[in-house]
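Heads up: the structure comes next, in structure tokens.
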Amino acid sequence: MTVPQSGQGRQVITQLHPPRAAVTCVVASRNRRADLLASLPRHEAPIVLVDNGSTDGTVEAVRAAHPDVTVIPLERNAGAVARTLGAARAGTPFVAFTDDDSWWAPGDLARAVEIMRAHPRLGLLSARILVGPEEELDPVCTEMAASPLGTEPDLPGPSLLGFVACAALVRTEAFNAAGGFDPVVRFPGEEERLALDLAAAGWGLAYVDRVTVHHHPSTSREPNPVRQAGIWRSRVLTALMRYPAGDAARQLARAVRAGRPGWRGLAGALPRVPAALRRRRVLPASVMAGVRELAP
């Protein structure tokens with residue numbers, strides 16, 4: 001399509017192209033073929049799927065059912081780094097980290113992008129999460145809404161130092177500057193280190209309950225004790241990477257007091273301690289003040 005434009009007494013012909021997508025849904029998945037085939041049609045943006053070495057035919061099934069989806073098959077499970085790879089392929093100003101069992105409510109992803117555009121310091125938007133067919137509010141949303149960090153004047157909701165990845169929209173510029181998700185802190189609990197680095201770089205993180213993500217937890221999940229141990233492993237590694245020595249020691253002590261999940265988390269963290277220490281960069285005092293404010 002062309003439209004005539006005038007300029008200095010002569011006609012100028014300008015070619016109009018379809019607008020480029022502003023946001024991409026990046027999904028990291030492993031051995032959840034059925035969940036993916038159900039959730040992918042619900043996404044209202046281009047999709048990049050990073051498959052973490054699935055053995056259940058996920059890659060072939062998605063390519064056959066959804067040829068418009070960009071599929072990046074990995075030979076092994078790269079953990080949360082898969083999202084970083086997906087964001088690099090996306091090439092859009094914003095990325096939504098929708099999981100294989102979550103999706104944005106109709107129209108809300110576009111609304112979230114507009115909120116991000118209206119708040120240029122906002123690096124990450126955390127949406128309201130409704131769980132299951134019953135659409136129960138995720139308890140973490142109640143905590144985020146009551147964040148003791150308050151609401152900064154240039155942000156659209158309560159400030160955060162953490163988020164739930166399946167309901168997060170990030171500004172790609174901020175995500176890349178913070179290094180994305182790293183190979184040390186894997187699933188689950190991978191969000192804290194990224195949140196802290198975003199805040200350390202001056203980006204805002206906010207909970208915005210005007211937009212909604214639906215989360216129907218997959219039946220293909222690790223048993224809860226295993227998941228809790230994984231969360232403690234991530235907490236310990238994040239503390240070693242970013243907390244001052246005293247705060248890191250206190251986090252290790254909390255893991256010990258947590259009983260078996262904490263002990264297992266410590267054991268799981270041990271092989272990754274050298275890598276964590278190589279990436280150690282202590283947070284600014286202002287960010288650590290917020291961490292202490294939020295500590296249990």
Side-chain angles (χ1 to χ4, degrees), residues 1 3 14 16-28 39-49 68-70 83-84 86-99 102-131 135 137-138 140-147 149-178 180-181 191 194-195 197-199 201-215:
M1 175 182 178
V3 295
T14 301
L16 296 184
H17 299 280
R20 186 182 181 188
V23 61
T24 301
C25 292
V26 170
V27 184
S39 64
L40 288 176
R42 297 177 180 268
H43 298 320
E44 297 179 337
I47 304 165
V48 174
L49 167 65
D68 55 329
V69 173
T70 298
R83 294 199 190 103
T84 304
R89 176 66 67 89
T92 49
F94 304 98
V95 168
F97 291 118
T98 49
D99 277 357
S102 72
W103 57 90
W104 290 73
D108 276 11
L109 182 55
R111 279 189 282 272
V113 167
E114 290 309 309
I115 292 170
M116 294 282 281
R117 283 176 166 158
H119 298 84
R121 194 173 68 86
L122 183 61
L124 184 145
L125 180 154
S126 187
R128 182 178 69 141
I129 305 170
L130 298 182
V131 181
E135 298 193 344
L137 184 67
D138 192 313
V140 73
C141 294
T142 303
E143 296 179 16
M144 291 191 289
S147 171
L149 302 180
T151 300
E152 297 177 62
D154 62 341
L155 296 182
S159 293
L160 306 173
L161 286 176
F163 62 96
V164 180
C166 75
L169 176 67
V170 299
R171 192 180 302 272
T172 305
E173 174 191 359
F175 178 77
N176 290 339
F181 293 99
E191 298 94 341
L194 175 58
D197 282 359
L198 286 168
W203 293 101
L205 298 84
Y207 172 63
V208 180
D209 64 3
R210 286 174 278 160
V211 290
T212 298
V213 165
H214 293 281
H215 181 206

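The first residue of the sequence shown is numbered 1, and numbering continues consecutively from there.
- In this structure, Arg117 pairs ionically with Glu114, as a charged nitrogen and a carboxylate oxygen lie closer than 4.0 Å.
- How far NE2 of His215 is from SG of Cys166: 4.5 Å, rounded to the nearest 0.5 Å.
- For the pair Asp99 and Arg83, the salt-bridge criterion is met [side-chain N within less than 4.0 Å of a carboxylate O].
- Distance alone, capped at 3.5 Å, is enough to place a donor-acceptor pair between the Arg171 side chain and the Leu122 backbone.
- Counting all heavy atoms, side chain and backbone alike, Gly157 lies closest to Thr151 at O-CG2, 3.4 Å.
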Give the intermediate values and the outcome of side chain to side chain contact (heavy atoms under 4.5 Å, CB included) for residues Val95 and Val23. CA-CA 5 Å; Val95 168; Val23 61; 5.7 Å; no

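- Ring geometry for Phe181 versus Phe97: interplanar angle over 60°, hence perpendicular rather than tilted (30 to 60°).
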Given the rule in the side chain to side chain contact (heavy atoms under 4.5 Å, CB included) test, do Thr70 and Leu49 qualify, once you have shown the distances and angles that lead to the verdict? CA-CA 6 Å; Thr70 298; Leu49 167 65; over 6 Å; no

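- No donor-acceptor pair under 3.5 Å is formed between the side chain of Glu173 and the backbone N or O of Pro93.
- In terms of heavy atoms, Trp104 sits closest to Ala96 at NE1-CB, 3.7 Å.
- The shortest distance between side-chain heavy atoms of Glu135 and His214 falls below 4.5 Å.
- Counting heavy atoms from C-beta outward, Leu40 and Ile47 have side chains that approach closer than 4.5 Å.
- In this structure, the side chain of Arg121 engages the main chain of Gly202 through a donor-acceptor pair within 3.5 Å.
- A distance-only check finds no donor-acceptor pair linking the side chain of Ser147 to the backbone of Met144 [under 3.5 Å].
- At a threshold of 4.5 Å between non-hydrogen side-chain atoms, the residues Glu44 and Trp103 do not count as touching.
- Rounded to the nearest 0.5 angstrom, Ser126 OG and Glu191 CD are separated by 9.0 Å.
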Start with the C-alpha gap between Arg128 and Val211, add the side-chain angles, then the distance that decides, and say whether side chain to side chain contact (heavy atoms under 4.5 Å, CB included) holds. CA-CA 6 Å; Arg128 182 178 69 141; Val211 290; over 6 Å; no

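- Using a 4.5 Å cut-off on side-chain heavy atoms (C-beta onward), Thr84 and Phe175 make contact.
- With Ser102 as the fixed residue, the side-chain contact (heavy atoms from CB on, under 4.5 Å) test singles out one of Ile129, Leu130, Val213, Val164: Val213.
- With rounding to the nearest 0.5 Å, the separation of CG in Leu205 from CG in Leu149 is 10.0 Å.
- Scanning all heavy atoms of the two residues, the minimum distance from Ala112 to Leu125 falls at O-CD1, 4.0 Å.
- When all heavy atoms are compared, the tightest approach of Leu137 to Cys141 is CD1-CB, 3.8 Å.
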What do the steps show when you test Val170 against Phe94 for side chain to side chain contact (heavy atoms under 4.5 Å, CB included), and what is the final call? CA-CA 6 Å; Val170 299; Phe94 304 98; over 6 Å; no

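- Scanning both residues, His119 and Asp154, for their nearest heavy atoms gives CD2-O, 3.4 Å.
- Annotation for Ala45 and Leu109: closest pair CB-CD2, 3.9 Å, computed over non-hydrogen atoms.
- Remark: side-chain polar atoms of Thr24 are not paired, donor with acceptor, to backbone N or O of Thr92 under 3.5 angstrom.
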